[in-house]
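Encoded as structure tokens, the structure appears first; notes follow it.
Hydrogens, waters and symmetry mates are skipped; everything else that's a heavy atom, side chains included, is used.
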Amino acid sequence: MKPSGQGFEKLLGKADARRPGTGFYPAVMLKLVCIASWCLVTVLSVMPNPLAAGCLVDDQAPGAQRLFKKHLAEGCTPAQREAHAVKASALLAAVKEGQSIDLDGVVIRGDLALETLPVVADPPALDGIIGPPDKEVRVVAGALSIVNSTVQGKIVHRSADGTLVFSSPVTFAGTTFEQIIDLSRSVFVQPVTLSGAVFLAEAYFVQGQFLGEVTGEKTAFGPHTRFHRSRFYGPVTFQQSGFSGLAEFLEVRFDREANLSRTYFKLGTGFSGSLFAGLADFSEALFDGDAFFTFTRFDGDAYFRRATFRATADFDDAQFNGREDFSKAFFERGPQFARAKRSGEAQSLGIENRQIQYVITLSLLLFSAVLIAYLVRSR
């Protein structure tokens with residue numbers, strides 16, 4: 001700020017005389033100091049916020065090319081990410097306008113209530129999934145990509161009778177969800193990617209319809225995960241993922257191969273009443289809590305090779321129509337196969353090499369310990 005006023009002029013006037021016996025003019029020096037100070041203040045006032053500068057990689061204005069886009073550099077600090085935080089209300093407005101969402105490395109503040117989307121007058125025709133009886137249908141038309149980000153609020157679709165349709169691909173790879181995500185009664189027309197995502201709270205996909213491939217490798221699920229009465233039309237994988245709480249896959253239909261190999265189930269797990277039309281791969285999976293496969297139908301091959309069951313393993317009334325492989329599986333309490341229909345192509349039950357089994361169990365326990373520590377530290 002440039003100094004001004006009568007007091008300042010008087011000060012310059014008093015110092016205007018040359019000091020006797022010297023070549024020094026106080027007034028000149030004082031003027032130079034004032035000019036330098038004013039220049040410094042001016043420069044600082046126009047400089048960008050250091051917390052926001054140098055972090056933004058790609059920022060697309062909402063509405064431009066029907067795209068809501070913001071990418072932040074991998075090296076951005078937490079403070080810089082907070083400075084570039086995205087409001088959930090802005091995302092909801094973009095979705096209502098049919099825009100695609102493309103976020104990478106951002107922080108999302110606020111709750112995203114998808115049941116507030118308008119009901120469409122002409123819902124998409126999906127044979128056997130959406131028909132004339134469905135009167136309350138909402139649509140997310142654009143692609144939804146939120147990767148390597150942190151969602152601080154809730155993402156929910158809480159409509160008892162409504163259906164939410166995602167017409168384009170959905171990607172949550174590497175994103176941490178700090179609060180509940182409830183996308184029950186949703187139809188995912190295109191592929192869904194969850195690989196590397198972390199769900200610190202509940203994750204509900206009750207009565208979900210997944211028409212495309214679902215990829216969820218090395219995904220960390222929190223205290224309660226529900227896919228009750230969902231249907232996977234394409235291949236699905238949760239390989240090397242961890243379910244630290246209850247995992248409900250009750251009455252689920254898997255039309256293609258389902259890969260849950262090397263997956264860790266900390267608490268109770270239920271696949272009762274489910275149908276595996278293709279390959280069901282639970283090889284080297286670890287069930288720390290009770291595991292229920294009662295009335296489960298395996299039309300394809302069922303692999304439980306080197307799986308570990310540390311509590312109840314209930315396969316009562318299950319039906320194995322393909323090959324079943326329980327070789328080198330470990331049952332701490334002994335398996336239950338009452339009234340189960342076996343294919344006759346079963347591999348041997350029990351441990352063939354206990355040392356190998358202990359190594360597998362130890363590695364899965366170490367993975368679960370790291371996962372739980374991460375979840376606790378992230379809260």
Heavy-atom closest pair (Ser100 atom, Ala143 atom, distance to 0.1 Å) is OG-N, 3.2 Å
Note to self: Donor-acceptor pair, distance only, cut-off 3.5 Å: does the side chain of Arg185 make one with the backbone of Asp161?
What the structure shows: yes
Between the CG atom in Leu275 and the OG1 atom in Thr296, the distance rounded to the nearest 0.5 Å is 9.5 Å
Any donor-acceptor pair under 3.5 Å linking the side-chain atoms of Glu324 with those of Tyr303?
no
Under 4.5 Å between side-chain heavy atoms, hopping through other hydrophobics if needed: is there a path connecting Val95 to Phe172? yes
- Task: Answer yes when Asp301 and Arg323 have at least one side-chain N-carboxylate O distance shorter than 4.0 Å, and no when they do not.
- Result: yes
Taken to the nearest 0.5 Å, the spacing of Leu279 CG from Phe298 CZ works out to 10.5 Å
Close side-chain approach of Val151 to Thr176, heavy-atom, < 4.5 Å: no
Practice problem: Under the side chain to side chain contact (heavy atoms under 4.5 Å, CB included) rule, what do Phe295 and Ser272 come out as? Steps first, then yes or no, please. | Solution: CA-CA 6 Å; Phe295 294 96; Ser272 296; 5.8 Å; no
*asked:* Test side chain to side chain contact (heavy atoms under 4.5 Å, CB included) on Glu248 and Thr225; report intermediate values, then the result.
replied: CA-CA 6 Å; Glu248 295 185 30; Thr225 304; over 6 Å; no
What verdict does the side chain to side chain contact (heavy atoms under 4.5 Å, CB included) test give for Val165 and Ile130, after you've listed the backbone C-alpha separation in whole Å, the side-chain angles of each residue and the deciding distance to 0.1 Å? CA-CA 9 Å; Val165 178; Ile130 296 179; 3.2 Å; yes
For Ser283 and Ser261: C-alpha separation, side-chain torsions, deciding distance, then whether side-chain hydrogen bond (donor to acceptor under 3.5 Å, both in side chains) applies. CA-CA 5 Å; Ser283 300; Ser261 63; over 6 Å; no
Just wondering, do Val170 and Thr193 contact through their side chains at under 4.5 Å, heavy atoms? no
For Phe326 and Phe337, run ring pair (Phe, Tyr, Trp, His ring centres under 6.0 Å): C-alpha distance rounded to whole Å, both residues' side-chain angles, the deciding distance at 0.1 Å, then the answer.
CA-CA 12 Å; Phe326 285 89; Phe337 284 93; 5.6 Å; yes
For this session: Answer yes or no: is there an ion pair linking Glu202 with Arg226, defined by an N-O contact shorter than 4.0 Å?
Result: no
Determine whether a donor-acceptor pair (N or O, by modelled atom type, separation under 3.5 Å) exists between the side chain of Asp316 and the backbone of Thr294. no
cation_pi(Arg256, Tyr233) dist<6.0 Å, angle<=45
no
Original post:
Going only through I, L, V, M, F, W and Y residues with side-chain contacts under 4.5 Å, is there a path from Ile129 to Val139?
Top reply: yes
Linking I/L/V/M/F/W/Y whenever any side-chain heavy atoms sit under 4.5 Å apart, do Leu183 and Leu91 land together? yes
**Parallel, tilted or perpendicular, as decided by the 30° and 60° cut-offs, for the rings of His224 and Tyr204** = perpendicular
Closest non-hydrogen atoms of Asp317 and Arg339, given as atom of the first, atom of the second and distance, are OD1-NE, 2.9 Å
Are Val206 and Val192 linked, directly or through other ILVMFWY residues, by side chains that come within less than 4.5 angstrom of each other?
no
Test ring-ring contact (aromatic ring centres under 6.0 Å, His included), reference Phe249, set Phe282, Phe271, Phe276, output is Phe271
Return yes if some donor-acceptor pair links the side-chain N/O of Glu97 with the main-chain N/O of Ala94 below 3.5 Å, else return no. no
Quiz prompt | Intermediate values then yes/no, side chain to side chain contact (heavy atoms under 4.5 Å, CB included), Ser184 and Gln207 | solution = CA-CA 6 Å; Ser184 298; Gln207 292 182 293; over 6 Å; no
Closest heavy-atom pair, His84 versus Lys70, reported as atoms and distance to 0.1 Å, is O-NZ, 3.4 Å
ask   = Is there side-chain contact between Asp102 and Leu67, with at least one heavy-atom pair below 4.5 Å?
value = yes
Flag side-chain contact, heavy atom, 4.5 Å: Ile108 against Leu103
yes
Exercise for the section: Side-chain contact test, heavy atoms from C-beta onward, threshold under 4.5 Å: evaluate it for Val156 versus Leu112 and give yes or no. Expected result: no
Quiz item: Side-chain donor-acceptor pair under 3.5 Å between Gln319 and Asn321, yes or no?
Solution: yes
When rounded to the nearest 0.5 Å, the distance separating CG of Leu144 from CD of Gln190 is 13.0 Å
(message) Quick test of your reading of the model: are Glu284 and Arg262 salt-bridged, counting only N-O distances below 4.0 Å?
(response) yes
Interatomic distance, CG@Asp111 vs CD@Gln179, rounded to 0.5 Å, equals 6.0 Å
Only residue of Phe177, Tyr264, Phe199 satisfying ring-ring contact (aromatic ring centres under 6.0 Å, His included) with Phe221 is Phe199
Checklist line | Leu211 and Phe188, any side-chain heavy atoms less than 4.5 Å apart | finding: no
Where the side chain of Ser149 meets the backbone of Ile146, is there a donor-acceptor pair that is under 3.5 Å apart?
no
Under 3.5 Å, side chain of Arg138 to main-chain N/O of Glu115, donor-acceptor pair present? yes
_Is a donor from one side chain sitting under 3.5 angstrom from an acceptor on the other, for Asp325 and Ser327?_
yes
* To do: Report yes or no: does Arg109 contribute a side-chain atom to a donor-acceptor pair with the main-chain N or O of Glu82 at less than 3.5 Å?
  => yes
What one should report as the nearest heavy-atom pair of Ala318 and Phe293 is CB-O, 3.6 Å
When you measure from the side chain of Asp290 to the backbone of Gly268, do you find a donor-acceptor pair of N or O atoms at a distance under 3.5 Å?
no
Path from Phe205 to Ile180 over hydrophobic side-chain contacts below 4.5 Å:
no
Please verify the inter-ring angle class for Phe238 with Phe232; under 30° counts as parallel, over 60° as perpendicular, anything in between as tilted. perpendicular
- State, yes or no, whether a side-chain contact exists between Val107 and Leu72 at a heavy-atom distance under 4.5 Å. no
Query raised in the report: Given side chains that start at C-beta, do those of Glu213 and Thr215 come closer than 4.5 Å, heavy atoms only?
Result: yes
Going by atom types only, do Ser241 and Glu217 share a side-chain donor-acceptor pair under 3.5 Å? no
So CZ of Arg231 and OG of Ser274: to nearest 0.5 Å the spacing works out to 13.0 Å
Worksheet item: Judged by atom type as modelled, is there a donor-acceptor pair below 3.5 Å linking the side chain of Ser168 to the main-chain atoms of Ala141?
Response: yes
Interatomic distance, OG1@Thr163 vs CD@Glu136, rounded to 0.5 Å, equals 8.0 Å
Query raised in the report: Does a donor on one side chain and an acceptor on the other come within less than 3.5 Å for Ser145 and Thr171?
Result: no
Inset, instruction - Just say parallel, tilted or perpendicular for the rings of Phe315 and Phe320, cut-offs at 30° and 60°. - result: tilted
